[in-house]
Amino acid sequence: MGQNTITLDPDEKNATSIPEIEKEYARLDKDWLWFHYKLSIWLVIFTFIIECLLSLIIVRTDLLSTSVPIYIWRFIAVLSILNVIFLAIGTAVMYSKRISHQGKNGGI
């Protein structure tokens with residue numbers, strides 16, 4: 001059985017494949033960046049839910065060594081506020097036109 005081969009002139013081969021490869025790489029790179037951004041959103045939500053569930057367990061089992069309002073402020077509110085601030089910074093970076101794609105890759 002013979003092999004099906006396509007022979008291209010080396011100049012034609014370089015002219016057709018390199019831009020296509022670069023375009024595909026740029027698309028994959030952009031998709032990967034958006035995946036990380038969406039993942040960070042879901043991690044913030046997941047962390048908040050887990051902290052709330054853990055606080056219920058800690059309060060019900062009398063493992064709490066401080067008052068409930070102080071516990072909520074320290075371990076749920078402050079950490080959630082920090083997560084939302086960092087997420088807002090990430091959102092600003094993702095939608096910024098002034099930051100290059102390479103800069104976004106390093107920031108997110």
Side-chain angles (χ1 to χ4, degrees):
M1 299 205 148
Q3 292 181 347
N4 292 336
T5 58
I6 298 174
T7 56
L8 294 175
D9 182 61
D11 292 332
E12 183 181 350
K13 187 175 183 179
N14 288 338
T16 57
S17 63
I18 291 177
E20 292 172 9
I21 292 169
E22 288 174 345
K23 184 179 176 182
E24 184 65 18
Y25 176 77
R27 185 190 65 79
L28 289 172
D29 200 30
K30 182 180 176 184
D31 289 347
W32 191 244
L33 181 65
W34 278 102
F35 171 76
H36 280 108
Y37 172 68
K38 290 175 186 177
L39 180 64
S40 65
I41 293 171
W42 285 109
L43 285 174
V44 167
I45 294 168
F46 179 75
T47 302
F48 176 74
I49 292 169
I50 293 299
E51 286 296 334
C52 289
L53 293 174
L54 283 174
S55 68
L56 291 174
I57 294 170
I58 289 172
V59 169
R60 292 190 191 270
T61 58
D62 293 329
L63 293 173
L64 191 60
S65 62
T66 185
S67 68
V68 173
I70 291 175
Y71 175 82
I72 290 172
W73 177 249
R74 273 190 191 163
F75 296 104
I76 295 175
V78 171
L79 297 176
S80 296
I81 290 168
L82 286 173
N83 280 338
V84 169
I85 288 171
F86 287 126
L87 192 59
I89 292 169
T91 301
V93 168
M94 286 298 294
Y95 287 101
S96 175
K97 301 291 182 190
R98 294 176 21 195
I99 300 173
S100 70
H101 183 73
Q102 200 65 17
K104 291 177 185 180
N105 275 337
I108 302 291

Query raised in the report: If you count the non-hydrogen atoms of other residues, nucleotides and ligands that lie under 6.0 Å from CH2 in Trp34, is the total more than 12?
Result: yes

Query - Parallel, tilted or perpendicular: ring planes of His36 versus Trp32, cut at 30 and 60 degrees - result: perpendicular

Query raised in the report: Would you say Tyr95 and Ile41 are hydrophobically clustered, going by side-chain heavy atoms of ILVMFWY under 4.5 Å?
Result: yes

Requested in this report: For residues Arg27 and Lys30, determine if any side-chain heavy atom of one lies less than 4.5 Å from a side-chain heavy atom of the other.
Outcome: no

Report task. Show the numbers, then the answer: is there a side-chain contact (heavy atoms from CB on, under 4.5 Å) between Ile76 and Ser55? Result -> CA-CA 8 Å; Ile76 295 175; Ser55 68; 3.7 Å; yes

Query raised in the report: Taking the side chain as C-beta and beyond, is there a heavy-atom pair between Ile58 and Tyr71 under 4.5 Å?
Result: yes

Query raised in the report: Which value, rounded to the nearest 0.5 Å, describes the distance between Leu54 atom CG and Leu63 atom CG?
Result: 11.0 Å

Query raised in the report: With a 4.5 Å limit on heavy-atom distance, are the side chains of Leu87 and Ser40 in contact?
Result: yes

Query raised in the report: Are Met94 and Leu33 side-chain neighbours, meaning at least one heavy-atom pair lies under 4.5 Å?
Result: yes

Report task. Establish whether Ile45 and Tyr37 are linked, either directly or via other cluster members, by ILVMFWY side-chain heavy-atom contacts under 4.5 Å. Result -> yes

Report task. Check whether any side-chain heavy atom of Phe46 lies under 4.5 Å from a side-chain heavy atom of Trp42, and answer yes or no. Result -> no

Query raised in the report: Same cluster or not: are Val68 and Leu53 linked, directly or through other Ile, Leu, Val, Met, Phe, Trp or Tyr residues, by side-chain heavy atoms under 4.5 angstrom apart?
Result: no

Query raised in the report: Is there a path of hydrophobic side-chain contacts, each under 4.5 Å between heavy atoms of I, L, V, M, F, W or Y residues, that connects Ile72 with Val59?
Result: yes

Report task. Any chance you could measure Ile50, atom CD1, to Thr47, atom OG1, to the nearest 0.5 Å? Result -> 8.0 Å

Query raised in the report: Would a hydrophobic clustering, with Ile, Leu, Val, Met, Phe, Trp and Tyr connected at side-chain separations under 4.5 Å, put Leu64 with Phe75?
Result: yes

